[in-house]
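For clarity, every value in this text was computed on a predicted model and none was experimentally measured.
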Amino acid sequence: MLRRQDVGHRVVVRRIVGVSQNRPLFTDALGELVELTETDLTLATAKGTLRVPLREVHRAKRVPAARRPPAAEVVALELAANEAWPAPVQARLGGWILRAAENWTGRANAALAVGDPDRTLEAAIDAVERWYSARGQRPMINTPMPLAAPVNAALDARGWTARPLTLVQTAAVQSLVGDPRRDLPPVELADTPADAWYAMVAEHKGTLPAVARQLLTGVPDVVFASVRDEAGDLLAVGRGAVTGPDRWLGVSLVQTAPAARRRGLGGHLVRAVAGWAAQRGAARAYLQVEERNTGAAALYQMLGFRTHHTYLTREAPD
C-alpha cells in the first residue's frame with residue numbers, strides 16, 4: 001500500500017469498480033500521487049484528477065517515473081517564474097523564498113520550496129509559519145513536484161491542505177510565433193497597462209490593490225497585450241515577461257471577454273506575445289494553469305504547450 005512518502009511520485013492503483021458473477025471487477029489508474037489521506041488518494045492522470053476512496057483500492061504501488069526534466073531545470077524555471085511574478089516582500093530561508101503581497105494571488109503569497117532551507121524540514125516549516133503569522137497571513141508553501149515530495153509528506157502530517165493541482169507547461173517560443181490572423185483585430189503591445197486592461201484583469205482576479213499593480217509592472221522586460229474591436233472595446237488581454245538567465249517567457253493573465261470567446265483570440269494574443277519575446281532572446285515559454293481549468297488547458301495544448309512539471313499550493317490549518 002502507498003505511504004505519505006509516495007506523494008509526488010508516479011504510482012499505479014488497481015481499484016475495485018464492481019462485481020460480476022461473484023468476482024470483483026478491476027481497473028488500473030496510472031498517475032502522480034498528489035494527495036493521500038486516511039480515506040482517499042488523489043492522482044493526477046493524463047485524463048485529469050482522479051480521487052479514489054481507499055476502500056476501493058485493491059493494490060497500489062510506486063512505479064518508475066516517466067521521463068522528467070532534470071531537477072536543476074525545474075528549479076531554474078521556478079526561479080524565473082518568481083522573477084516574473086515578483087512579490088514586493090521577499091526573504092530567504094536558505095534556498096527557499098518567502099513571499100508576501102498582501103494576499104493578492106497565491107503565487108505571490110506562498111513560500112517557494114526549492115533548494116535546501118539550511119535547516120531540518122520541520123524547522124523550515126516552523127519558520128515559514130512564524131514568518132507569515134507575523135504578517136497576519138495564512139502560511140502557504142508552493143511545492144514543485146516531485147522535487148518537494150518530502151515537503152508534501154511533512155505538510156500532510158501537520159494537516160496542511162492543498163489547493164487544486166497547477167500544471168507548469170512549456171513550449172518553444174519559435175513554435176508559438178506565427179503570422180497574425182488577418183480575420184482578427186491586431187494585438188496591441190504596450191510597456192504599461194491601460195486602465196481598461198487593469199479592469200478586465202480585475203474581472204477575473206478581483207479588485208487590484210496597489211501591490212498588484214506594483215507586482216504586474218515590476219519586471220524590466222514585460223509587455224501588456226490587448227485586442228480591441230472597432231469600437232475600441234477590449235476583447236482580450238494578456239501579459240508576458242522575460243526573466244531568468246535562460247530568458248524564459250512567462251505568459252499570464254490571458255483573458256477573453258465572454259462575448260468574444262471561441263474566436264481564437266487567446267491563441268492570437270499568445271502568438272503576438274511570443275513574437276515580442278523572441279526579439280528579446282527568449283527561446284522557451286511557460287505558463288501556469290490549474291488542471292481543473294480544462295478550457296484554458298485545451299487552448300494551451302492546441303498551441304503546443306506540454307506539462308513540464310506540477311506544483312501544489314499548500315495551506316496551513318486554520
TODO: Output the distance between atom CD (Q301) and atom OG1 (T294), rounded to the nearest 0.5 Å.
DONE: 11.5 Å
Open item on the list: I'd like to know if R92 and D118 make a salt bridge, using a cut-off of under 4.0 Å between side-chain N and carboxylate O.
Closed with: no
Open item on the list: I'd like to check T170 versus L77 (side-chain heavy atoms, cut-off strictly below 4.5 Å). Are they in contact?
Closed with: yes
TODO: Apply the test side chain to side chain contact (heavy atoms under 4.5 Å, CB included) to residues Y300 and L167: give CA-CA distance (whole Å), side-chain angles for both, the deciding distance (0.1 Å), then the verdict.
DONE: CA-CA 11 Å; Y300 299 138; L167 311 178; over 6 Å; no
Task: Point-to-point distance, once rounded to the nearest 0.5 Å, from CZ of R138 to CG of N109 - done: 13.0 Å
Open item on the list: Whether E290 and R163 form a salt bridge (side-chain N of Lys/Arg under 4.0 Å from carboxylate O of Asp/Glu) is what I want to check.
Closed with: no
Task: Common cluster, V11/L165, ILVMFWY with side-chain heavy-atom separation under 4.5 Å - done: yes
TODO: Indicate if V151 and Y132 have the same hydrophobic cluster label, given that clusters are the connected sets of ILVMFWY residues with side-chain heavy-atom separations under 4.5 angstrom.
DONE: yes
Task: Considering all heavy atoms, the nearest P86-E83 contact - done: CD-O, 3.5 Å
Open item on the list: Looking at every non-hydrogen atom in both residues, tell me the closest pair between P144 and A113 and how far apart they are.
Closed with: CD-O, 3.8 Å
Task: Heavy-atom check, side chain of S226 versus side chain of V187, under 4.5 Å - done: no
Open item on the list: Please determine whether the number of non-hydrogen atoms from other residues, nucleotides or ligands lying under 6.0 Å from atom CZ of R119 exceeds 12.
Closed with: yes
Task: Spacing of CD belonging to E188 relative to CG belonging to L234, to within rounding of 0.5 Å - done: 8.0 Å
Open item on the list: Counting only heavy atoms not in D116 (residues, nucleotides, ligands), do more than 12 fall under 6.0 Å from its CG?
Closed with: yes
Open item on the list: Looking at R99 and A110, would you say the former's side chain and the latter's main chain have a donor-acceptor pair under 3.5 Å?
Closed with: yes
TODO: Drop me the distance from M140's CE to W160's CH2, to the nearest 0.5 angstrom.
DONE: 9.0 Å
- [ ] Identify the heavy atoms of T37 and L54 that sit nearest to each other, and give their distance.
- [x] O-CD1, 3.5 Å
Task: Separation between CD1 of I16 and CZ of R14, rounded to the nearest 0.5 Å - done: 10.5 Å
Task: Shared hydrophobic cluster, V222 / V242 (ILVMFWY, side-chain heavy atoms < 4.5 Å) - done: no
- [ ] Report yes or no: do Q169 and T307 form a side-chain donor-acceptor pair below 3.5 Å?
- [x] yes
TODO: Return the minimal non-hydrogen interatomic distance between A274 and L249, and the atom names on each side.
DONE: CA-CD2, 3.9 Å
Open item on the list: Is the distance from the ring center of H308 to that of Y286 below 6.0 Å?
Closed with: no
- [ ] Look at atom CG of D183 and say whether more than 12 heavy atoms of other residues, nucleotides or ligands are closer to it than 6.0 Å.
- [x] yes
Open item on the list: Between E129 and R158 (salt bridge meaning N to carboxylate O under 4.0 Å), is one present in this structure?
Closed with: yes
TODO: List the atom of A297, the atom of V289, and the distance in Å for their closest heavy-atom pair.
DONE: N-CG2, 4.3 Å
Open item on the list: Closer than 3.5 angstrom, by distance alone: can the side chain of H309 be matched with the main-chain N or O of A71 as a donor-acceptor pair?
Closed with: no
TODO: State plainly whether one hydrophobic cluster holds both F224 and L253, where clusters connect Ile, Leu, Val, Met, Phe, Trp and Tyr through side-chain heavy atoms under 4.5 angstrom apart.
DONE: yes
TODO: Could you tell me whether the side chain of R10 and the main chain of L30 form a donor-acceptor pair under 3.5 Å?
DONE: no
- [ ] Before giving the answer on side chain to side chain contact (heavy atoms under 4.5 Å, CB included), spell out for T243 and V219 the whole-Å C-alpha distance, their side-chain angles and the decisive distance to 0.1 Å.
- [x] CA-CA 8 Å; T243 57; V219 181; 3.7 Å; yes
Task: Derivation of the side chain to side chain contact (heavy atoms under 4.5 Å, CB included) call for R62 and L33 - done: CA-CA 9 Å; R62 191 189 298 190; L33 182 66; over 6 Å; no
Task: L216 and P193, any side-chain heavy atoms less than 4.5 Å apart - done: no
Task: Donor-acceptor under 3.5 Å (D229 side chain, A231 main chain) - done: yes
Task: Taking every non-hydrogen atom, the tightest pair across P88 and Q214 - done: CB-NE2, 3.4 Å
TODO: Kindly determine whether R239 and W197 satisfy side chain to side chain contact (heavy atoms under 4.5 Å, CB included), including the steps that lead there.
DONE: CA-CA 10 Å; R239 175 181 179 269; W197 189 98; 4.0 Å; yes
TODO: May I ask you to check whether W85 and W104 place their ring centers less than 6.0 Å from one another?
DONE: yes
Task: Whether E78 side chain and V114 backbone form a donor-acceptor pair below 3.5 Å - done: no
Task: Atom pair OG1 (T27) and NE2 (H58), whose distance is rounded to the nearest 0.5 Å - done: 13.0 Å
Open item on the list: Can you confirm whether R247 is buried at CZ, in the sense that more than 12 heavy atoms of other residues, nucleotides or ligands lie under 6.0 Å from that atom?
Closed with: yes
Open item on the list: Quick check: is L235 connected to M200 through a chain of hydrophobic side chains (ILVMFWY, heavy atoms under 4.5 Å apart)?
Closed with: no
- [ ] Run the numbers on N152 and R314 for side-chain hydrogen bond (donor to acceptor under 3.5 Å, both in side chains), then give the verdict.
- [x] CA-CA 8 Å; N152 275 321; R314 307 298 305 267; 2.8 Å; yes
